[in-house]
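Quick notes on the structure that follows.
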Amino acid sequence: TSITSAKIQVNGVHLHYQQTGEGSHAVLLLPGMLGSSQTDFGPQLKSMNKQLFTVVAWDPRGYGKSIPPSRDFPPDFFERDAKDAVDLMQALKFKKFSLLGWSDGGITALIAAARYPNLIHKLVIWGANASVTQEDVRIYNGIRDVSKWSEKVRKPLEELYGQKYLAETCEAWVDGISRFAENSDGNICQQLLPDIKCPTFIIHGEKDPLVPQAHAEYIHKHIKGSRLLLMPEGKHNLHLRFAKDFNREVENFLR
């Protein structure tokens, strides 16, 4: 089946999304920082079971092809993304759907699952955190300068955004997410985790250089009945690097 690409107006912005498959189980893929449907989810859009699932991957406002507006990071940017994501799926006429969130998209998915329990069927997150520690801030500052990124990671994003937008938005993201460290316990959405009632699957790469494993363990502990899978060779982008294993695990969970 082909992958269609379109835009739809949601909450005053035109959100871009890609859609494929004709299965009865709708799934929304939520990208990470600076991410888009195109750069973050190629193997999922291509290879997830199109008979079982209707797969939608979106570009949050200010990312990918959902520009304008430019991306900004007010204190509630995760809450805003969660509302946009859910409203997008409702605008596309999906009554109930599952969420697959990577990194920042995982945080957004946690918030959405807690805030809209009647709409979310199942939840899968990987490379996500519910709080920001001083150690995390140190890691974020280590990626602040995009010119120091590996060419493999940087190049597709430079092609998508241009050098200036990529560099400025990455710096703004580091500042925006680091602000959570000033909250009590560095809280982003810790208090919402017990409100998540849908079946939840947490995947974590044991070699993830960006998100320490303690974050995955904390989320697992605070979402009742959740399942945690550790991938010994997985890094932050385990769904791309080990796409076949990842897709199989996720599909089995979603069935």
Side-chain angles (χ1 to χ4, degrees), residues 1 3 17-21 23 25-50 52-60 63-64 78 81 85 89 97-113 120-130 139 143 149-150 152-157 160 198-213 215-217 219-220 223 226-255:
T1 15
I3 298 170
Y17 66 96
Q18 290 182 286
Q19 184 173 329
T20 187
H25 188 155
V27 174
L28 177 65
L29 307 175
L30 299 95
M33 173 263 275
L34 282 160
S36 68
S37 53
Q38 169 195 331
T39 52
D40 286 18
F41 295 118
Q44 284 68 47
L45 285 164
K46 186 168 163 236
S47 304
M48 276 184 77
N49 187 318
K50 317 255 166 147
L52 287 180
F53 305 107
T54 295
V55 181
V56 178
W58 79 309
D59 298 357
Y63 283 164
F78 284 118
D81 283 350
M89 291 300 275
F97 44 92
S98 292
L99 300 173
L100 269 65
W102 176 37
S103 198
D104 269 19
I107 301 172
T108 302
L110 288 167
I111 293 169
I120 310 305
H121 185 39
K122 292 186 177 183
L123 173 64
V124 182
I125 60 159
W126 64 105
N129 45 303
I139 293 169
I143 61 164
W149 293 9
S150 76
K152 193 174 161 208
V153 175
R154 192 181 71 238
K155 205 164 181 232
L157 291 171
L160 182 60
C198 64
T200 301
F201 186 20
I202 302 146
I203 306 173
H204 195 79
E206 291 189 33
K207 294 185 174 174
D208 189 331
L210 293 175
V211 180
Q213 192 171 310
H215 284 300
E217 289 166 351
I219 294 167
H220 173 47
I223 299 179
S226 64
R227 193 180 140 209
L228 174 63
L229 171 69
L230 297 174
M231 293 178 70
E233 293 303 310
K235 292 187 180 174
H236 196 57
N237 65 345
L238 54 86
H239 66 298
L240 301 175
R241 175 86 195 282
F242 301 104
K244 214 170 154 186
D245 293 345
F246 174 88
N247 288 359
R248 186 186 65 244
E249 288 284 352
V250 167
E251 288 185 2
N252 287 340
F253 172 76
L254 291 175
R255 275 170 203 272

### Query
Are the side chain of Trp149 and the backbone N or O of Ile143 linked by a donor-acceptor pair below 3.5 Å?
yes

### Query
Are the side chain of Asn49 and the backbone of Leu52 linked by a donor-acceptor contact shorter than 3.5 Å?
yes

#### Entry: Gap between atom CE of Met89 and atom OG1 of Thr54 - 0.5 Å precision
8.5 Å

## Note on the structure
Correct closest heavy-atom pair for Val211 and Asp208 would be N-OD1, 3.0 Å

### Query
Is there a donor-acceptor pair closer than 3.5 Å between any side-chain N or O of Lys46 and the backbone N or O of Ile3?
no

### Task
Decide yes or no for Val27 and Val56: does some side-chain heavy atom of the first lie under 4.5 Å from some side-chain heavy atom of the second?
no

### Task
State the CG-CD1 distance between Asn129 and Ile219, to the nearest 0.5 angstrom.
6.5 Å

### Task
Using a cut-off of 6.0 Å, state whether more than 12 heavy atoms not belonging to Arg241 lie near its atom CZ.
no

### Query
Roughly how far, to the nearest 0.5 Å, is the CD1 atom of Ile107 from the CG atom of Asp104?
5.0 Å

### Message
How close do Asn247 and Pro43 get, counting heavy atoms only, and between which atoms?
### Response
ND2-O, 3.3 Å

### Taking every non-hydrogen atom, the tightest pair across Leu30 and Ala85
CD2-CB, 4.1 Å

### Summary
Heavy-atom nearest pair, Ala113 first then Leu99, reads N-CD1, 4.2 Å

### N/O donor-acceptor pair under 3.5 Å between Trp102 side chain and His236 backbone
yes

#### Entry: Glu249: side chain to side chain donor-acceptor pair (under 3.5 Å) partners, not counting sequence neighbours
Arg227

#### Entry: Within 6.0 angstrom of Lys50 NZ, more than 12 heavy atoms from elsewhere
yes

### Message
Go through it in stages, so that I can follow the logic: the residues are Phe246 and Trp126, the test is ring-ring contact (aromatic ring centres under 6.0 Å, His included), and I'd like the CA-CA distance, side-chain angles, deciding distance and then a yes or no.
### Response
CA-CA 10 Å; Phe246 174 88; Trp126 64 105; 4.6 Å; yes

### Query
What pairs with Glu206 under side chain to side chain contact (heavy atoms under 4.5 Å, CB included), at least two apart in sequence or on another chain?
Gln213, Leu230, Pro232

### Main-chain N/O of Ser37 paired to Asp59 side chain as donor or acceptor, under 3.5 Å
yes

### Query
Of the non-hydrogen atoms in Ser36 and Leu160, which two are nearest, and what is the gap between them?
OG-CD2, 3.6 Å

### Message
Using only atom types and a distance under 3.5 Å, with no angle test, would you say the side chain of Ser47 pairs donor to acceptor with the backbone of Gln44?
### Response
no

### Query
Is it true that a side-chain atom of Asp81 and a backbone atom of Gly105 form a donor plus acceptor pair closer than 3.5 Å?
no

#### Entry: From CD1 (Ile125) to NE2 (His204), nearest 0.5 Å
10.5 Å

### Message
Looking at Phe253, I'd like to know if the NZ or CZ of Lys122 sits under 6.0 Å from its six-membered ring centre while staying within 45 degrees of the ring's axis.
### Response
yes

### Task
Could I get the full list of side chain to side chain contact (heavy atoms under 4.5 Å, CB included) partners for His121, not counting sequence neighbours?
His25, Lys96, Ser98

### Message
Could you report the tightest heavy-atom contact between Glu251 and Phe53, atom names first, then the distance?
### Response
CG-CE1, 3.7 Å

### Task
Could you tell me whether the side chain of Thr20 and the main chain of Val55 form a donor-acceptor pair under 3.5 Å?
no

